[in-house]
Amino acid sequence: MSVPAGSSVSFGARLTTTYPLANGGRSYGSDDARRVLWCFDSSSAPAVETWAKMSTAEKATRVRFAPSPTGALHIGGARTALYNWLAARHDGGTMVLRIEDTDLERSTPENVAQILDALRWLDLDWDEGPISQVGRANDHAAALQKLLDSGAAYPDSATAEDVKAWKAEHGADRGYRGTPSGDGSGAIRLRVPDDGDTVVDDLIRGEVRFPNRSYDDFVIARNDGSVLYNFAVAVDDADMGITEVIRGDDHLSNTPKQLLVFEALGIKPPRYAHVPLLHGPDGKKLSKRHGAASVQELRDAGYLPEAIRNYIALLGWGPGDDETLLSTDDLVERFRPEDVGKSSAVFDEKKLRWMNGRYMREMPAWEYLEAVRSFVEAETGGRPLNEERFEFGCRIVQEKAQTLREVWPLIRFLFEPPVQDDKAWRKVMKGEAARVLTEVEALLIGIADSGEGPNHDGFAIEAVQSVLEPLPEKLDLGAGKVFQPIRVAITGTTISPGIFESVAALGREETLARIEVARSKLADQS
RNA sequence: GGCCCCGUGGUGUAACGGUUAGCACGCCAGGUUUUCAACCUGGAAGCGCGGGUUCGACUCCCGCCGGGGCUACCA
């Protein structure tokens, strides 16, 4: 699966937040609920399976990624999405995208759009959805009624204060136990047994036991019938036939509650794999503070989707050998949720940069060019650039740049006058610099105009190299003493592509003019 | 406070009862008679602490310490 280069750097999401169900997206809700499904252009959404018609035996791996749209997609969320995606693709399973938007306050259409955009940009597609959790209200209500009827759940008029008081009386390790209100008032709580443990058989952590008595008879729905997270998740995972729940560690302690809901519903729960959380460089939970933490920020910083996938896959998971550079196909082939490590990892942008550089070098020329283009346009405001020169410039820095964003600063001198960098000038333009530039000018003028080279003026890389390379020895100077003055003269700084390439790219006329300017400035200062 | 998870160099990981504790990023030095980058070579740097079990523990058990999560009529 690949995406045209053009779309890999633009967010052309045609997401709509309109309510009519626009495509054949599988609905898990009633007709009523259909009207509140999040819909998006189906052009990138694969055909949908008819899960309901399948027999149990046919129900292969079904995973889901269920972000809560309370902000941009985080690097940690992206990793969870990737792990789910890899697990699904690994054995031809199905990935469901579910939007946990029951938090009316924080869930916004903008946030949903942003998350979908990020997922699409990362090239992590889903087979079903996006499904709005809010849109499943009727199904939640039905499940709730079932529990009420069976007595597994009950209305309790206790307030938060009442619960607190109850716990103060019964001990801190004792979960609250309420009593049904006679009149049906109060929030709906699930009955939790006093004895025994609820054990989570986790793919990553093994069996984790939680004493039932430490859990409250927790609230699963408000009195108006609106359901709460731990209940909605369990009902949804059950209805959607999810076989493997791969999610963040922060949900481990909530899992027993969901298991209790499954039990009350009489449905076999899925398997769980709780992946460790990602931490920032300071060891704390990853947050916006820690630099480029969201997918969109990473994209804006010039990282490639495939590099990001490779990098985040390795945050907590390894292929078992010493391989570091793994293509997405490798990842799909080798990833298994049970191989994910148990300890939290720290996002290290330095390594991502290195890895991104490796991927940039591997990119086909046209793809690399198109990817760079949008970054350059952002810098230049879309001002037209000489295409031939642009392409040549990009080519000579492909080996050097580590992010798409770093390309422009390196080739900028080809389109603009040298930058003013006093520090670089002082460091280089001294001693033999004037003599060197005089010598260089003469040599460059001597290059015959064969019509070769990027500017068709004889300044081909080889031609430039053949006259400049012997110069240090000829002048009995170090290479740096000879080449740095040229670099500063034509670019203004000490950092640029290779010097022969730079001179060739700039061309005869402009190179000589800049050297001339530098020479006179040098003459003035002495 | 209660319940739970985690602990190999700065970072990500491998080894899982017996290895000189491997690999990658980063860092330092040198090389590539062109800076930066890339590339090559070399280097510094690690099993949180204390008890056990064992002929032998990074690997098993216990305690401690440290980090984290959950503990909402949030998700």
Side-chain angles (χ1 to χ4, degrees), chain A residues 66-70 100-107 133 156 158-160 163 167 171-175 186-189 200 202 204-205 208-211 213-216 218-224 226-230 232-233 248-257 274 276-277 279 281 283-285 311 314-325 341-355 357-358 361 397 399-402 406 410 424 427-428 465 468-469 472-473 477-484 486-488 493-502:
Chain A
S68 160
T70 54
E100 314 231 305
D101 52 2
T102 52
D103 184 343
L104 23 292
E105 298 297 307
R106 297 183 294 172
S107 301
Q133 195 162 53
D156 177 15
T159 63
V163 173
K167 296 181 88 162
D173 64 339
R174 187 73 245 263
I188 313 299
R189 291 179 183 274
V200 179
D202 197 272
I204 295 170
R205 287 154 211 286
V208 185
R209 320 188 75 87
F210 296 85
R213 62 174 276 125
S214 68
Y215 282 88
D216 292 339
F218 59 102
V219 177
I220 57 177
R222 302 180 181 91
N223 193 55
D224 65 3
S226 61
V227 296
L228 265 26
Y229 176 75
N230 284 119
V233 167
D249 211 356
D250 49 341
H251 291 284
L252 183 56
S253 297
N254 279 149
T255 306
K257 295 182 185 173
H274 287 96
L277 258 24
H279 287 192
K284 299 242 177 67
K285 189 179 176 183
Y311 177 72
L314 260 22
L315 246 29
W317 173 84
D321 53 25
D322 288 336
E323 296 299 318
T324 301
L325 265 5
K342 295 177 179 177
S343 55
S344 56
V346 174
F347 172 63
D348 175 19
E349 195 172 346
K350 291 248 185 67
K351 190 163 184 174
L352 207 211
R353 282 175 60 82
W354 165 79
M355 194 171 277
R358 297 294 298 251
R361 268 172 272 151
V397 298
E399 295 283 306
K400 176 191 289 281
Q402 288 190 298
E406 287 167 19
L410 287 168
K427 186 179 170 190
V428 172
Q465 180 167 2
L468 292 186
E469 197 166 36
E473 194 177 345
L477 289 171
K481 291 268 187 253
V482 174
F483 299 121
Q484 285 299 74
I486 305 175
R487 198 183 308 273
V488 171
T493 80
T494 56
I495 298 173
S496 83
I499 193 65
F500 310 133
E501 289 87 341
S502 296

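Throughout, protein chains are lettered first and strands after them, A, B, ... in sequence-line order, and every chain is numbered starting at 1.
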- Query: Going 5' to 3' along nucleotides 21-33 of chain B, which nucleotides have protein heavy atoms under 4.0 Å from the base (write B), which only from the sugar-phosphate (write S), and which from neither (write -)?
  - Reply: -BSBSS------B
- Query: Side chain of A:Glu100: nearest nucleotide among B:A75, B:C73, B:C39?
  - Reply: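 Within the option list, the nearest is B:A75.
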- Side chain of A:Lys167: nearest nucleotide among B:A72, B:U35, B:C73?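 The closest nucleotide is B:A72.
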- Which heavy atom in A:Ala232 sits nearest to a heavy atom in A:Val227, and how many Å separate them?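 It is CB-CG2, 3.9 Å.
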- Message: Please find the pair of heavy atoms, one from A:Val233 and one from A:Gln133, that lie closest to each other, and give the distance.
- Response: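 Looking at all heavy atoms of both residues, the shortest contact is N-NE2, 3.9 Å.
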Base-pairing mate for [N] - Watson-Crick or G-U, with both contacts under 3.5 Å:
N     : value
B:G30 : B:C40
B:U35 : none
B:U8  : none
B:A14 : none
B:U19 : none
B:G63 : B:C49

- Would you say a side-chain N or O of A:Arg222 is under 4.0 Å from OP1 or OP2 of B:C74?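 For A:Arg222, the contact criterion (side-chain N or O under 4.0 Å from OP1 or OP2 of B:C74) is met.
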Separation of the [atom1] atoms in [N] and [M], to the nearest angstrom:
N     : M     : atom1 : answer
B:C60 : B:C23 : C1'   : 27 Å
B:G26 : B:G67 : P     : 30 Å
B:U33 : B:C28 : C1'   : 23 Å
B:C49 : B:G7  : P     : 15 Å
B:C4  : B:G46 : C1'   : 28 Å
B:G63 : B:U71 : C1'   : 26 Å
B:A57 : B:G42 : C1'   : 32 Å
B:U13 : B:G18 : C1'   : 23 Å

- Item | Cationic N near anionic O, under 4.0 Å, A:Arg205 to A:Asp249 |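 Looking at A:Asp249 together with A:Arg205, the answer is yes, because their closest N to O distance falls below 4.0 Å.
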- Between A:Lys400 and A:Glu501, does at least one N-O distance fall below 4.0 Å, as a salt bridge requires?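 Salt bridge flag = no for A:Glu501 with A:Lys400.
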- Message: Let's go through A:Phe218 and A:Tyr229 carefully: what are the C-alpha distance in whole Å and the side-chain angles of both, what is the deciding distance for ring-ring contact (aromatic ring centres under 6.0 Å, His included) to 0.1 Å, and is it a yes or a no?
- Response: CA-CA 11 Å; A:Phe218 59 102; A:Tyr229 176 75; over 10 Å; no
- Message: By nearest heavy atom, map A:Val163 and A:Ala345 onto RNA chain B; which one lands nearer the 5' end?
- Response: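 With A:Val163 and A:Ala345 compared, the 5'-side residue is A:Ala345.
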Report which part of the nucleic acid [X] touches: base, sugar-phosphate, or nothing (heavy-atom distance under 4.0 Å, all strands).
X        : answer
A:Ile499 : base
A:Ala424 : nothing
A:Ser496 : base
A:Gly248 : nothing
A:Arg174 : nothing
A:Phe500 : base

- From A:Arg174 CZ over to A:Ser214 OG, what is the distance, rounded to the nearest 0.5 angstrom?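 Answer for the CZ-OG pair, A:Arg174 versus A:Ser214, is 9.5 Å.
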- Determine, step by step, whether A:Val488 and A:Lys427 satisfy the side chain to side chain contact (heavy atoms under 4.5 Å, CB included) criterion, reporting the C-alpha distance in whole Å, the side-chain angles of both residues, the deciding distance to 0.1 Å, and the verdict. CA-CA 10 Å; A:Val488 171; A:Lys427 186 179 170 190; over 6 Å; no
Atom pairs under 3.5 Å, N or O on each side, protein against nucleotides 3-9 of chain B: can you list them with distances?
{"residue": "B:C5", "atom": "O2'", "partner": "A:Arg205", "partner atom": "NH1", "Å": "2.4"}

- Item | hbond_proxy A:Asp101 side chain to B:A75 base (donor-acceptor, 3.5 Å cutoff) |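 For A:Asp101, whose side chain was compared with the base of B:A75, there is no donor-acceptor pair (under 3.5 Å).
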